[in-house]
Amino acid sequence: MSKAIDYSGERSSASLPPGPRGNLILGVMPEFNRDMLGFIERMRGDYGDVVRMRFFYLTVVFLYNPDHIEQVLSTNARNFIKSRSLRTPFFRRLVGNGLLTSEGEEWKRQRRLAQPAFHRQRISAYGDVMVEYAERMMSGWTHGEVRDIHRDMMRLTLEVVVKTLFDADISGDADKVGRVLSRMVKPFASQATLKWILDNRLPTPTHRRFNAAAREIDEIIYRLIAERRSSGSDRGDLLSMLLAAHDEDGSQLTDRQLRDEVMTLFLAGHETTALTLSWAWYLLAQNPEVEKTFHAELDQVLNGRRPTVADMPRLQYTERIAKESMRLYPPAYGLGREAIEDFELGGYCVPARSQVFMFQWATQRDPRYFTEPNRFCPERWTEEFTNSLPKYAYFPFGGGPRACVGNYFALMEVVLLLATIGQRFRFSLVPDHPVKLMPAMSLRPADGIRVKLEAR
Ligand code: HEM
């Protein structure tokens, strides 16, 4: 049983969750920064499903139980706002007050305006773009060459998001947006917790570089918006849809709001999808039996022709590969919220203003819900298994009102790109290039994934 506490003066009689004491000043931050993923798993083993700790001056609670996660993300979502990690000046400068970061009425309005752009029918039109861009990428590949498949997937999904957002090709402006964006995101790659906890506005070189990059990107995006506004044409892309979106009272998004939305979609939509693909290739390269079944499906369903959206219902095993990859290597490996009022969860009191974190990384590898949790096994995703799973034991796209608005877009892109590329090439890992996990803003391979290409 979990409930928001009627907070009319008395504190809940429930006790505070257990957890480590940590360092006198920094709390558990040093330990967390040293080995984030290991720490997350260790806490569950040492203290159970609800764990309380201190990060510097902030109370932080980790949740591992799907029912508790459901309470926070869905059933009692109104008692939570996004965590402080999304409210730092760094992050604000990046995505402003877009769909990912806004709250309350403003978020509701934005979601209402943006949602139609993500309807299945509208999104389906982008399927051909995805396949065409993958074909173009592969036309430069040769049998036997060694490539960083993660870098290739990043570029490919950037091209797709640029084309679908702006109806622009990767050349010129769009390419520059990609380059500047990756420069901007870099500071998030290291010392993540220090960066988000310390409200650091000092004019350090990192900050200066970040702000300069932000100005560059703003200039490009504002110009693209202005050009589109003056031409008034509906190009069938997301920007056209956002420009045309009217609220009930007739109001539209301002240039500033459009800029924030576009940046949000760039950021939320490109790396996450690239990572899903990269990890899927990594897992396939290590699991020849799975790869064999994958190839058999592609040969049977497609027989050498290009896949289309219409093939998706028959590319079931490919879809299971995507699902299972996101289970083992969830691009968004953790989600954070801040409690508005005290909250009771699993018999414990979660105090107001706690930063509450839920980790796909931990829960999706929990042996209570997944047998042989570390094994890559797309076969497990039968309808029966899916129905028997607690709803929030698997939540790569989050859940509740703030669930990913692009989840269908992402799944379609992953399945179509896996099928297009998997038809023509297979990959083997380069032995002297170990793949290391880097939990930055998303779950990245620290030094890419080097593979040898084999034409099929
Ligand atoms: C495999 C790919 C993707 C993954 C794993 C992913 C994951 C997520 C997750 C976990 C959230 C919830 C964040 C939270 O609750 O704090 C989210 C939100 C969001 N995602 Fe995705 N995402 C993916 C692809 C995309 C794509 C392709 C787009 C758009 C083109 C997109 C746009 C967004 C937006 C705008 C939000 C905020 C929604 C809101 O708060 O109303 N995502 N995503």
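In what follows, every heavy atom counts, from backbone to side chain, and hydrogens, waters and symmetry copies are set aside. Remember, it's 1-based here, ligands and their atoms both numbered in the order they're listed.
- Aromatic ring centroids of F55 and F32 lie under 6.0 Å apart.
- The two atoms that bring P351 and S354 nearest to each other are O-OG, 2.6 Å, heavy atoms only.
- When each of R444, M154, M153 is tested with S278 by the rule side chain to side chain contact (heavy atoms under 4.5 Å, CB included), just one qualifies, namely M153.
- For ligand 1, the atoms closer than 4.0 angstrom to any heavy atom of R337 are 14 (C), 15 (O), 16 (O).
- Aromatic ring centres of W361 and Y333 lie farther apart than the 6.0 Å criterion allows.
- Nearest protein heavy-atom neighbour of atom 12 (C) of ligand 1: R402 O, 3.6 Å.
- Ligand-side atoms of ligand 1 in range of F409: 27 (C), range being under 4.0 angstrom from any heavy atom.
- The protein atom (non-hydrogen) at minimum distance from atom 13 (C) of ligand 1 is L335 CD2, 3.5 Å.
- Contacts with ligand 1 closer than 4.0 Å are made by heavy atoms of both the backbone and the side chain of L99.
- Residues N97 and E106 have side chains that bring a donor and an acceptor to within less than 3.5 angstrom of each other.
- The aromatic ring centres of F359 and F62 sit less than 6.0 Å apart.
- Close contacts between ligand 1 and W107 involve ligand atoms 39 (C), 40 (O), 41 (O) [criterion: under 4.0 Å to a heavy atom].
- Close placement of the Y394 and W381 rings is indicated, their centers lying within 6.0 Å of each other.
- T318 and E297 share a donor-acceptor pair across their side chains, judged by distance under 3.5 Å alone.
- Of the protein's non-hydrogen atoms, P396 O, 3.5 Å is the one closest to atom 7 (C) of ligand 1.
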Let me see the working for S83 and R337 under side chain to side chain contact (heavy atoms under 4.5 Å, CB included), right down to the final yes or no. CA-CA 4 Å; S83 60; R337 294 290 188 269; 5.5 Å; no

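- At the shortest separation from atom 38 (C) of ligand 1 among protein heavy atoms lies R111 NH1, 3.4 Å.
- Protein N/O/S atoms nearer than 2.8 Å to atom 21 (Fe) of ligand 1 total 1.
- Q110 and Q257 are not linked by any side-chain donor-acceptor pair at a separation below 3.5 angstrom, with hydrogens and angles left out of the test.
- Contacts between K82 and ligand 1, counted as non-hydrogen atom pairs separated by less than 4.0 Å, involve the side chain only.
- When hydrogens are left out, the protein atom nearest atom 29 (C) of ligand 1 is F118 CE2, 3.7 Å; that is the closest non-hydrogen contact.
- The protein non-hydrogen atom at the shortest distance from atom 1 (C) of ligand 1 is T276 OG1, 3.2 Å.
- The cationic atom of R259 (NZ for Lys, CZ for Arg) does not lie both less than 6.0 Å from the six-membered ring centre of Y222 and within 45° of the ring axis.
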